[in-house]
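Here is the structure we will look at, set down as structure tokens.
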Amino acid sequence: MEIPPRYNPKDRESKILQKWLEGSVYHAEKDSSQKPFSIVIPPPNVTGILHMGHALNNTIQDVLIRYRRMRNYQALWMPGTDHAGIATQNVVERELAKEGKTKEDIGRENFLKRLWEWRDKYGSTIINQLKKIGSSCDWQRLRFTMDEAYSQAVGEVFLQLFNQNLIYRGNYIINWCPRCQTALSDEEAAHKEVDGWLYYLRYPVKTKKGETRFITVATTRPETMLGDTAVAINPQDKRYSWLKGSEVILPVVKRSLKIIEDKAVDPEFGTGIVKVTPAHDPVDFQLGKKHDLEFINIMNKDATLNKNVPENFQGIDRFEARAMLIELLTQKKLIEKKEPYRLGAGHCYRCNTIVEPRISLQWFVKMKPLAQEAIKVVEQDKVKFYPSRWKKVYLNWMFNIQDWCISRQIWWGHRIPVWYCQNCYNSDANDRKGIIVAKETPKKCPDCGSDKLSQDQDVLDTWFSSWLWPFATFGWPFEKRETRDDGRRTKEKKEEFDFFYPTNTLVTASEILFFWVARMIMASLKFTGEIPFSDVIIHGTVRDDKGIKMSKSLGNVIDPLEIVDKYGADALRFSLMFLAASGSDVHLSPDKFLMGRNFLNKIWNATRFVFSQIQNKKIKIDKLDYNLEDESDAWVLDHLNKTIAVCTESIESHRIDEAIKTAYDFFWHYFCDWYLEIIKDNFSQIKAKNSVFILLSSLKLLHPFTPFISEEIFSLIKKNSSLDLAEFISESGWPKEKKMNLKPRNFAVFAKMVDTVDKIRDLRGDLGLGQQKISLEIKTESNLKKFWTRHKNWFCRLVNAESISLIDKIDRVFYQNKYWEVNLKIDSADLAKFKQVLGKKINHFASLIQKSEAKLKNKKFVKKAPKDIVEKEKSKQDDFSKQLIRLKNLKEIIV
RNA sequence: GGGCGGUUAGCUCAGUUGGUUUAGAGCGUCUCGUUUACACCGAGAGGGUCGUGGGUUCGAAUCCUACACCGCCCACCA
């Protein structure tokens, strides 16, 4: 067997991936003999291209899934993509624009055709990328939110909610994106601070006595004044009591404004008088409803001003109109002043355009009734968040939940399953007459019998389909059809659903806690009567090395696929998991991935070493076993056992970074740096088998994190041994602690030996010995002499010594512990330097002793602290004193 | 305005219920090393009054409190 000295992931990963996919290793099915474990993927947008956030999110899920799979669960990771209404439509619209066309030019039907074509061509891009980074989803189950079966679920949910009066249609103020030309939910209009101005406008007033006075109102959006229908003051505000009975005239428009009083007006802010624009401000909208004001919509869909404003403003964009107005009002001396002001403005989460509050006829879901149960399950920890602080955030949002605007004025998505009777439907009426909600196209209006029906033009918010993801992906609802569109019978599907659902863990970023996680909990409880998942892991945001969120528009992204290309998917995954402490943000720079690459190379070379030795010595590895030849075997096994325990416990408690750090540390710093170094010149058959055992155990521990290299080496071991191994490492089981009769004293003594190596190496440095060979004199108790003889060879090699003599009388002690004292015999040394070091150490120990003494002299400490702590302190002090004496002696002798 | 998180070595971060840590890791810096697994390596060094001030305690990086700075989320101050 020829193993090259460098691991080259590029060659191997694609082949391994191929093998996995062909072997259907990641397909899970109902199997009553096994326990289920399931995760649904947060479906990436079909338009998605893998970014670091995806890599982080999916690697965490993959670690959990691979771990469970190895623990012999039926581990199902349900994959799929989201149709991403606005985002996808935008992409195809841009494509059309390149051809000089708009979607209106080609019509709805053709446009949808284009969208499906686009999806078929590019929609699997991100899926292939997920495969490339090793995501072990059950790819046979790939779902899409606009699949036929999935769409059935969406329709069913709309119907149920409508029938239960939880969906209604009405004219309300919503967030309107003038660029996407659709309504948005509150969550989709991200509030961001914007530098702007607070303008103080003067409105003329005709008082009861017929005088003309002025009032001043403050606004950040002067153009909305064209839609003003009132001014409001606080009823307590005596300054303006004179206003009652006067007439306020809206400048430019010359409309008479109502004067209303409302507690909502803060007398402290601005001038204490508010201009009220009921059709273009959420607060004013409420005021308008309350005080029965006139609602004047002044904007078109694209935020140009409409025919309800004076002619010279019609067709002008809102911001241009603002500038024009300011100029005009300035001329008329109707602007008192302007102040710089930071205001919060909603931005479209798809295109970042400032949204416009606008009244329009939309569909809404009543959320309060849905929230009740979803609050309970989280309060009672039936659904748990990791880290737990998100619980509060979730609950706070739930308590203040607002109704959800679900209609979107776009074409790509689930068409709203509503038909209006052209004969008897009246959109202004507050009843449901002439509204037909159905899953199939209805023929006649049930109210009047007319056959003139027209379907709602809008589609549903994308999240209205993704909130069903944990159960709709399994084929819910089950009652309605005999067979599913994938040919499987409904009964089978239902059984499978019962087996895997509720799912176990959801892994997601905090950004979609409200968009998605909260809504899934509500939908699942409502429609399946169960929680969708019991654990929610919320990971951090991926940032660059300056701490700025990675985003394409800022140009500070690191492309995960580039990292895969350069260093391999394993390196990408390893570094991400190593750096991602639970819940905290991940700061990345390209060099962070070197850590992963280097580690892979280390694994590779450890394997190379073990197998080259096995080959050279013609050792046959025919059985996977572990034997204690000497203390080194016990010592390293003990560490392996601890590593397995910690790793397992860490993954179970969602502390993934800790798991990988522990495995890494063991492999590199115990197995490679010590065990392999120790056995190098004593590579016996037992040691060979032990090495293979440890290697295999380590690979299994690492497999969830670095699946490719562990699979590769696993099959390499399989090929080059007579071991009876499973075909894939994922089928070979999770490592168990190997119980052996390990005598504690044996590895305690051995551990001291390891420590002695460290200390002698330090001394070599302190003495400035360079490459000088030394010889050692060791004084130890007689029953440890055999022990020393046994380990002499490797010990000399690791400290660069020629010989060790075991003596009974020692005249100089460079190092001591409770088992032995060591003298270094040297030809020459840098004594000045050493003296300095000794001085430093003497001071160090002196101060430690002082601290320790102070503690022990403190009667309260001795009295109140637990006994073992006090004992420990005493022995510490004892040890320090011994060291101090030794160092002082040494200093005297050596000088 | 409310809430949350952070502040530990030059950088990025661990440090789980206060005492086995004489505050650790990775990267970077410096020194030494090419002894046939690995220079994508090995051996070592330097570097921290754990944001600041109080408090609780025998004992605080760890718990409480106030403050400072940084970041995030929510909210209808026009």
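Here is how names work: the chains are called A, B, and so on, in the same order as the sequence lines, proteins then strands, and each is numbered from 1. Computed over heavy atoms, backbone and side chain alike; hydrogens, waters and symmetry mates excluded.
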May I have the distance from Lys275(A) (atom NZ) to A78(B) (atom P), rounded to whole angstrom?
12 Å
Does Glu677(A) make a side-chain donor-acceptor contact with the base of A37(B), cut-off 3.5 Å?
yes
If you go through the side-chain atoms of Lys602(A), does one of them form a donor-acceptor pair with the base of C38(B) closer than 3.5 Å?
yes
Starting at CG of Asp262(A) and ending at C1' of C76(B), how long is that distance when rounded to a whole Å?
12 Å
Give Pro387(A) one of three labels, base, sugar-phosphate or nothing, depending on what nucleic acid heavy atoms sit under 4.0 Å from its own.
nothing
Looking only at the aromatic ring of each residue, does the gap between the centers of Phe515(A) and Tyr349(A) stay below 6.0 angstrom?
yes
Is G44(B) paired to anything, Watson-Crick or G-U wobble with both distances less than 3.5 Å, and if yes, which nucleotide?
C30(B)
From CD of Glu339(A) over to C1' of A78(B), roughly how many Å is that when rounded to an integer?
13 Å
Asn843(A) atom CG is separated from U22(B) atom P, nearest whole Å, by 19 Å
Distance, rounded to the nearest Å, where Met577(A) contributes CE and A14(B) contributes C1':
16 Å
Is any side-chain heavy atom of Phe814(A) closer than 4.5 Å to one of Leu767(A)?
yes
Residue His669(A), side-chain atoms from C-beta onward, closest of G26(B), A43(B), C27(B)
G26(B)
If you compare every side-chain N and O of Arg655(A) against the phosphate oxygens of G15(B) (OP1, OP2), does one of them come in below 4.0 Å?
yes
Between CG of Asp673(A) and C1' of A43(B) the distance, given in whole Å, is 10 Å
What integer distance in Å separates Leu798(A):CG from G33(B):C1'?
14 Å
Does A37(B) have OP1 or OP2 sitting under 4.0 Å from an N or O in the side chain of Lys680(A)?
yes
Taking the C1' atom of each, how far is A78(B) from C73(B), in whole Å?
23 Å
I want to verify a distance call: between A78(B), G3(B), C38(B), whose nearest atom is closest to the Asp266(A) side chain?
A78(B)
With rounding to whole Å, what would you report as the distance between G55(B) and U62(B) at their C1' atoms?
15 Å
Closest to the side chain of His587(A), out of C32(B), U12(B), U22(B), is U12(B)
Among A43(B), A37(B), C58(B), the nucleotide that comes nearest once only the side chain of Lys860(A) is considered
C58(B)
The side chain of Met595(A) is closest to which nucleotide in this list: G26(B), C74(B), G33(B)?
G26(B)
Is the Tyr675(A) ring parallel, tilted or perpendicular to the Phe671(A) ring (thresholds 30°, 60°)?
parallel
Span that lies between the C1' atom of A23(B) and that of A14(B), in whole angstrom
11 Å
If you measure from the P atom in C70(B) to the same atom in U20(B), how many Å do you get, rounded?
36 Å
Taking NZ in Lys752(A) as the centre, count heavy atoms belonging to other residues, nucleotides or ligands within less than 6.0 Å. Is the count above 12?
no
Can you tell me if Asn598(A) touches the phosphate of C38(B), counting only side-chain N or O atoms and a distance under 4.0 Å to OP1 or OP2?
no
Watson-Crick or G-U wobble mate for U12(B), both contacts under 3.5 Å:
A25(B)
Whom does C76(B) pair with, Watson-Crick or G-U wobble, provided both distances fall under 3.5 Å?
none
Pairwise 5' ranking along RNA chain B for Asp879(A) and Lys661(A), keeping only the more 5' one
Lys661(A)
Looking at every strand, decide which applies to Thr541(A) at a 4.0 Å heavy-atom threshold: base, sugar-phosphate, or nothing.
nothing
Using purine N1 to pyrimidine N3 plus N6-O4 or O6-N4 for Watson-Crick, or N1-O2 and O6-N3 for G-U wobble, each under 3.5 Å, what pairs with G71(B)?
C4(B)
Indicate, with a heavy-atom threshold strictly under 4.0 Å, whether Arg797(A) touches base, sugar-phosphate, or nothing.
nothing
What distance, rounded to whole Å, do you find between the two C1' atoms, one in G10(B) and one in C72(B)?
27 Å
Give Asp762(A) one of three labels, base, sugar-phosphate or nothing, depending on what nucleic acid heavy atoms sit under 4.0 Å from its own.
sugar-phosphate
Selected nucleotide, minimal atom distance to Lys864(A) side chain, candidates A37(B), A78(B), U57(B)
U57(B)
Under 4.0 Å: is that the gap between some side-chain N or O of Arg389(A) and OP1 or OP2 of G5(B)?
no
Among the nucleotides G5(B), U22(B), A14(B), which one has an atom lying closest to any side-chain atom of Lys876(A)?
U22(B)
Ignoring backbone atoms, test whether Ser510(A) places a side-chain nitrogen or oxygen under 4.0 Å from the OP1 or OP2 oxygen of G5(B).
no
Taking the ring of Trp604(A) and the ring of Tyr7(A), is the distance between their centroids below 6.0 Å?
yes
Nearest-nucleotide wise, let me know which of Thr271(A) and Gly765(A) is further upstream toward the 5' end of RNA chain B.
Gly765(A)
Phosphate OP1/OP2 of C73(B) contacted by Tyr394(A) side-chain N/O (<4.0 Å)
no
Result for side chain to side chain donor-acceptor pair (under 3.5 Å) between Asp766(A) and one of Gln836(A), Lys841(A), Lys840(A), Arg761(A) points to Lys841(A)
For atom P, what is the distance between A60(B) and C69(B), given to the nearest Å?
28 Å
Checking N1-N3 plus N6-O4 or O6-N4 for Watson-Crick, or N1-O2 and O6-N3 for wobble, each under 3.5 Å, the partner of G54(B) is C64(B)
Would you indicate which nucleotide in U12(B), G44(B), A78(B) comes nearest to any side-chain atom of Phe269(A)?
A78(B)
Hey, does Tyr341(A) reach any base, or is it just sugar-phosphate, or nothing, if we go heavy atoms under 4.0 Å?
sugar-phosphate
How many whole angstroms separate atom CZ of Phe385(A) from atom P of C4(B)?
16 Å
Check every atom of C38(B), G44(B), C73(B) against the side chain of Phe514(A) and return the nucleotide holding the closest atom.
C73(B)
Residue pair Phe578(A), Phe599(A): steps toward the ring-ring contact (aromatic ring centres under 6.0 Å, His included) verdict:
CA-CA 11 Å; Phe578(A) 198 94; Phe599(A) 183 49; 8.6 Å; no
Does Lys392(A) reach a base, just sugar-phosphate, or nothing at all? Heavy atoms under 4.0 Å.
sugar-phosphate
Classify the angle between the aromatic ring planes of Tyr199(A) and Trp197(A) as parallel (below 30°), tilted (30 to 60°) or perpendicular (above 60°).
tilted
Tell me whether the centres of the aromatic rings in Tyr394(A) and Phe514(A) are closer together than 6.0 Å.
no
Gap in Å between the two P atoms, one belonging to A75(B) and one to A66(B), rounded
26 Å
Roughly how many Å apart are G15(B) and U7(B), using the P atom of each and rounding to a whole number?
10 Å
Would you call Pro267(A) and Arg239(A) a side-chain contact if the rule is heavy atoms closer than 4.5 Å?
yes
Minimum-distance nucleotide (side-chain atoms of Ala865(A) versus A78(B), G19(B), A37(B))
G19(B)
Phosphate contact (G3(B) OP1 or OP2) by Trp397(A) side-chain N/O below 4.0 Å:
no
Which part of the nucleic acid, if any, lies within contact of Ile869(A), taking any heavy atom under 4.0 Å across all strands shown: a base, the sugar-phosphate backbone alone, or nothing?
base
